[in-house]
Amino acid sequence: MSFVTRGFTGRRRDPNENLPPGQTLVHDFPVLSAGPTPEIDTADWELFIRSETGIQRWTWDDLQAMDAEDVTADIHCVTHWSKLGTRWRGVPLDALFADVESVHDYVMVHSYGGYTTNVPLDELLDGQAWVAYEFDGEPLEPEHGGPARLIVPHLYFWKSAKWVRGFELMPTDAPGFWEQNGYHLHGDPWLEERYW
Ligand SMILES: Nc1nc2c(c(=O)[nH]1)N[C@H]1C(S)=C(S)[C@@H](COP(=O)(O)O)O[C@H]1N2
Ligand SMILES: [Mo]
């Protein structure tokens, strides 16, 4: 005969045990924006990659015509919330950077609305970053970065620029918006690279 008291079935799993240090699990999806949500018509939308050798541009239709991937990832905000198993669909940066010629190692990400953030190029490639346009099987909501945002889940979520507009190759690292305001240049949540 088995007897199990509801709520006591052995050792309780700590809901925070698989989270980076200092993070707390959330189940909602907080919105964190430094300014107003820009209104972007996909008819006018454009994505660019600029390097010392030139500029490449994609329209919304160009992006939709590229092979997309479904991505499930944990996300970690520097303000201490983490959300596990978020589901996205988008184009891997490997495909966008495939024909880009550059000797530079650093990237400034630019957003509609003026937000910027810096990421080393090698952390955007090899299946580590996507330009995402769906969340949970639905078109990405404007407040969460729609029509398209960058996602770089292995870094703190401020690196995942909403309303992404383009990527600029840089010879040396330089701080973006939050990085100029004290956030870490790199931002690895497992190393707690929050501020500098
Ligand atoms: N363009 C832009 N991207 C941004 C931000 C922003 O203010 N503007 N905030 C960043 C921060 S601090 C976080 S935590 C995430 C929040 O994304 P969410 O609002 O979809 O949760 O977006 C990041 N990308
Ligand atoms: Mo954040």
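If you're wondering where the values come from, they're calculated on a predicted model, not measured in any experiment. Just so you know, ligand 1 is whichever comes first in the structure, and atom 1 is the first atom listed for that ligand.
Put simply, the side chain of F177 does not reach to within 4.5 Å of the side chain of N118, judged on heavy atoms.
Listed by chain and number, the residues in a side-chain hydrogen bond (donor to acceptor under 3.5 Å, both in side chains) with Q64 amount to none (sequence neighbours excluded). Partners of D122 under the salt bridge (charged side-chain N to carboxylate O under 4.0 Å, His left out) rule, at least two apart in sequence or in another chain, do not exist in this structure.
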For each nitrogen or oxygen atom of ligand 1, which protein N/O atoms lie closer than 3.5 Å, and how far apart are they, rounded to 0.1 Å?
{"unit_1": "ligand 1", "atom_1": "1 (N)", "unit_2": "S111", "atom_2": "OG", "d": "3.4"}
{"unit_1": "ligand 1", "atom_1": "1 (N)", "unit_2": "K162", "atom_2": "O", "d": "3.1"}
{"unit_1": "ligand 1", "atom_1": "3 (N)", "unit_2": "K162", "atom_2": "N", "d": "2.9"}
{"unit_1": "ligand 1", "atom_1": "7 (O)", "unit_2": "A34", "atom_2": "N", "d": "2.6"}
{"unit_1": "ligand 1", "atom_1": "9 (N)", "unit_2": "L32", "atom_2": "O", "d": "3.1"}
{"unit_1": "ligand 1", "atom_1": "17 (O)", "unit_2": "R149", "atom_2": "NH2", "d": "3.2"}
{"unit_1": "ligand 1", "atom_1": "19 (O)", "unit_2": "L32", "atom_2": "N", "d": "2.9"}
{"unit_1": "ligand 1", "atom_1": "19 (O)", "unit_2": "K162", "atom_2": "NZ", "d": "2.6"}
{"unit_1": "ligand 1", "atom_1": "20 (O)", "unit_2": "H144", "atom_2": "ND1", "d": "2.6"}
{"unit_1": "ligand 1", "atom_1": "20 (O)", "unit_2": "R149", "atom_2": "NH1", "d": "2.8"}
{"unit_1": "ligand 1", "atom_1": "21 (O)", "unit_2": "P30", "atom_2": "O", "d": "2.6"}
{"unit_1": "ligand 1", "atom_1": "22 (O)", "unit_2": "R149", "atom_2": "NH2", "d": "3.2"}
{"unit_1": "ligand 1", "atom_1": "24 (N)", "unit_2": "S160", "atom_2": "O", "d": "3.1"}

Between side-chain atoms of residues 31-44 and protein atoms elsewhere (two or more places apart, or another chain), which donor-acceptor pairs fall under 3.5 Å?
{"unit_1": "S33", "atom_1": "OG", "unit_2": "K162", "atom_2": "NZ", "d": "2.8"}
{"unit_1": "D41", "atom_1": "OD1", "unit_2": "A43", "atom_2": "N", "d": "3.0"}

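In this model, a donor atom of one side chain and an acceptor atom of the other lie less than 3.5 Å apart for T86 and W88.
Between the side chain of S102 and the backbone N or O of S51, no donor-acceptor pair lies under 3.5 Å.
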